[in-house]
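Heavy-atom basis, side chains included; hydrogens, waters and symmetry copies ignored. So that the names make sense, note that chain A is the first sequence line, chain B the second, and so on, each numbered from 1.
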Protein chains: 2
Amino acid sequence: MIEKLKAIPLFSGLSHEHLAKIASVSSILGFDRGEMIFHEGDKGNGLYMVERGTVKVFKLSFEGKEQILHIYGPGHTFGEVPVFEGKNFPASAMAIEKAGILFLPREKFVSLITSTPGLGMNLLADLSRRLREFTVQIENLSLKEVPARLSAYILTLSKEQKNTKKITLPISKAQLSNLIGTTPETVSRVFKKMMDSSLIEVQTKTIIIKDMKGLQDLSESGTI
Amino acid sequence: MIEKLKAIPLFSGLSHEHLAKIASVSSILGFDRGEMIFHEGDKGNGLYMVERGTVKVFKLSFEGKEQILHIYGPGHTFGEVPVFEGKNFPASAMAIEKAGILFLPREKFVSLITSTPGLGMNLLADLSRRLREFTVQIENLSLKEVPARLSAYILTLSKEQKNTKKITLPISKAQLSNLIGTTPETVSRVFKKMMDSSLIEVQTKTIIIKDMKGLQDLSESGTI
DNA sequence: GGAACTCCTTGACATGGATCAAGTAATCCG
DNA sequence: CGGATTACTTGATCCATGTCAAGGAGTTCC
C-alpha cells in the first residue's frame, strides 16, 4: 500500500511515517467498467485516488448529454472540492475501465493536512493546477471551434506520451467527443478533414501526426 | 488598512496581529476603468485583492473574442493560481470600474501561509469554491443554450442581491454576453423573448422577475 | 469462430446563434 | 445642455454543428 501512495504526486515529499499513517486509514475499492464511484450532489465524504484503471469525472445535462471534466489515470486524486468546501460533489465520477480506487475518509484527511508539513502546499498546488486546466477547458469550449479543440487535444496527448508522433487514444471516440464538447459524428467528420489536409493519419485507436506545425496552427487559429 | 483586510473572507478568523502583519507587507494600487492589472502569460507575482471597484478576469481568443471567467468586487482575491503552481497567469485581469487593489507579493504571501494557522485551510476552501464555480461555467457553456445560461445568470444575481425580484445588472450587457459566452445581439434577442413570455421585465440596467418558476424551469431545461 | 454487442462513419437535413449592417437609445464630458 | 461617444436593438443572412437515420467496422464473449 505504501508503495502505491508513493506514486501519488500529492503525497510527494512526505516521510515514510506519514505515508504509513495515510495507508493505515485508507481503504481500497474496486469498480468495474461503467460503475459509478459517486454522483453529483452526493455528500462529499473524502479523498479518492486512482490506483489502477481509468476514471471520468463528468456532468450530465437535463436531457442526458454528457460533458467530461477530467479523465484520471493512476496517481491522480479527485473528490477534494467538497472536503474543503463542506458541500456536495459538483460532478459525478465513473470508472471507464476496471479500476482500483484508494479512499481516505474526510476527517482523517483533514487531520492529516494539519499534521503533515508540505501536504497543504501540495494540495494548494494541485487545486491550482486544476483551476488552470479548467480555464483552458472554458477557453476551448467558448473561444475555439471543434477542429481547434480536437487538434489541441491531440497535441496534449502527444506531450503526455513523451512527445511522440504516434499517439494512442486512451479513450473511445465517443468519450473524446464528450470531453471536447461535441458529438461522435462531428469528431468523425473533423478527423476526416484533418486526414484530407494531411495533418494526421487515424487508424482505429492510433493517430500519427504528419504535420505538427499545421496541427499547432489549427489548434490556435481555428479553421481547416 | 487592517479594516479593509478584515472585509476579505480569505482572512476571516485571523488574529489582529496576523492582519497587521499582512497590512505591513501589502501595498494598494489604483486602476482606472479599462486599465489592465495583469496579462495572461505574465509571471505570477503575488496575491491581488479587490478593495473597491470591479475587476474582470478573462481570456481572449486568437481573433480577439473575449470570455470572462470571473467578475470580482470588493473582498475577492485573485491571482493565486501562479503563486502555488509557480507558473504564469492563466488569464488576464482588467478593472471594469475605477478600482483599488491590494497587492501582497508572492514570497510574503507564501511565508504568511506557513506561519498563519487557518489561512491554508481558508485558501483550500477558496480554491475549491472556484473549482466548483468553473464546473458550473463549463456545464453552462457546454450543456445549456443561451436562454438557459441567461436565466441562470439572472437567478444567481437575484440570490446575490438578497433574493429580491428587482435586480440591478452589475455589468453592461456587452460584458454580460462575454460572461455567458455569446454576443450582445443574442443577449438582446433572448431578453426580448423572455419579456414576450412574461418571465421578466427589462429597463436599461434593471430587471424585474415576473415569473420566478418559469425562469427556473428555463435555466434547467432550455427552451423558451 | 460466429452471434451480438458496441462503436464508428457517412449522408441528408435542421437550427441556434454568429456576423454584418444600420438605426436608436444611453451616457459621458466639456 | 448638447454634441459625441459608447452601448444596445433589430433585421437579414450564413454557417458550424447538432440531430436523425442507416449501414459498416471492431470487440466481446460464450
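Atom CD in B:E97 sits roughly 18 Å away from atom P in D:dT6 (whole-Å rounding). Rounded to a whole Å, the NZ atom of A:K173 is 13 Å from the P atom of C:dC7. Rounded to whole angstrom, the span from the CD atom of A:Q203 across to the P atom of C:dC8 amounts to 16 Å. D:dT28 atom C1' lies 16 Å from atom NZ of A:K98, rounded to whole Å. Following rounding to the nearest Å, B:D196 (CG) and D:dT9 (P) show an atom-to-atom distance of 13 Å. Distance, A:M194 CE to C:dT9 C1': 17 Å, rounded to whole Å. Distance, A:K192 NZ to D:dA25 C1': 15 Å, rounded to whole Å. A:I171 places its CD1 atom 14 Å from the C1' atom of C:dC7, with the value rounded to the nearest Å.
Legend: residues meeting side-chain contact (heavy atoms from CB on, under 4.5 Å) with B:T183, ordered by chain and number and at least two apart, are B:E185, B:T186. Remark: B:K56 engages B:E66, B:Q175 in a side-chain hydrogen bond (donor to acceptor under 3.5 Å, both in side chains) (not counting sequence neighbours). For B:R106, there are no salt bridge (charged side-chain N to carboxylate O under 4.0 Å, His left out) partners, not counting sequence neighbours. Scanning for salt bridge (charged side-chain N to carboxylate O under 4.0 Å, His left out) contacts around B:R33 gives an empty result, with sequence neighbours left out. Judged as a side-chain hydrogen bond (donor to acceptor under 3.5 Å, both in side chains), and not counting sequence neighbours, A:Q161 has no contacts. For B:K59, the salt bridge (charged side-chain N to carboxylate O under 4.0 Å, His left out) partners at least two apart in sequence or on another chain are A:E139, B:E40. Among residues two or more places apart in sequence or in another chain, the salt bridge (charged side-chain N to carboxylate O under 4.0 Å, His left out) test is passed with B:E201 by B:K210.
Within the structure, the salt bridge (charged side-chain N to carboxylate O under 4.0 Å, His left out) test picks out no pair touching residues 157-176 of chain A (sequence neighbours left out). For residues 87-99 of chain A, the salt bridge (charged side-chain N to carboxylate O under 4.0 Å, His left out) pairs, not counting sequence neighbours, are A:D32-A:K98.
Contact of the A:N178 side chain with the A:F58 side chain is not registered, since no non-hydrogen atoms from C-beta on lie closer than 4.5 Å.
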Close N or O pairs between protein and nucleotides 15-22 of chain C (under 3.5 Å):
{"residue": "C:dG17", "atom": "OP1", "partner": "B:V146", "partner atom": "N", "Å": "3.0"}
{"residue": "C:dA18", "atom": "OP1", "partner": "B:T182", "partner atom": "OG1", "Å": "3.2"}
{"residue": "C:dA18", "atom": "OP2", "partner": "B:T182", "partner atom": "OG1", "Å": "2.7"}
{"residue": "C:dA18", "atom": "OP2", "partner": "B:T183", "partner atom": "OG1", "Å": "3.1"}
{"residue": "C:dA18", "atom": "OP2", "partner": "B:T186", "partner atom": "OG1", "Å": "2.6"}
{"residue": "C:dT19", "atom": "O4", "partner": "B:R189", "partner atom": "NH2", "Å": "2.8"}
{"residue": "C:dC20", "atom": "N4", "partner": "B:E185", "partner atom": "OE2", "Å": "3.2"}

Review item, nucleotides 25-30 of chain C N/O atoms under 3.5 Å of protein N/O:
none

Is there a salt bridge (Lys or Arg N to Asp or Glu O under 4.0 Å) between A:K192 and A:D196? Walk through the geometry before answering.
CA-CA 6 Å; A:K192 202 181 178 189; A:D196 290 349; 5.9 Å; no

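Fit an axis to the five pairs at each end of the helix from C:dG1-D:dC30 to C:dG30-D:dC1 and the two axes sit 60° apart, to the nearest 10 degrees.
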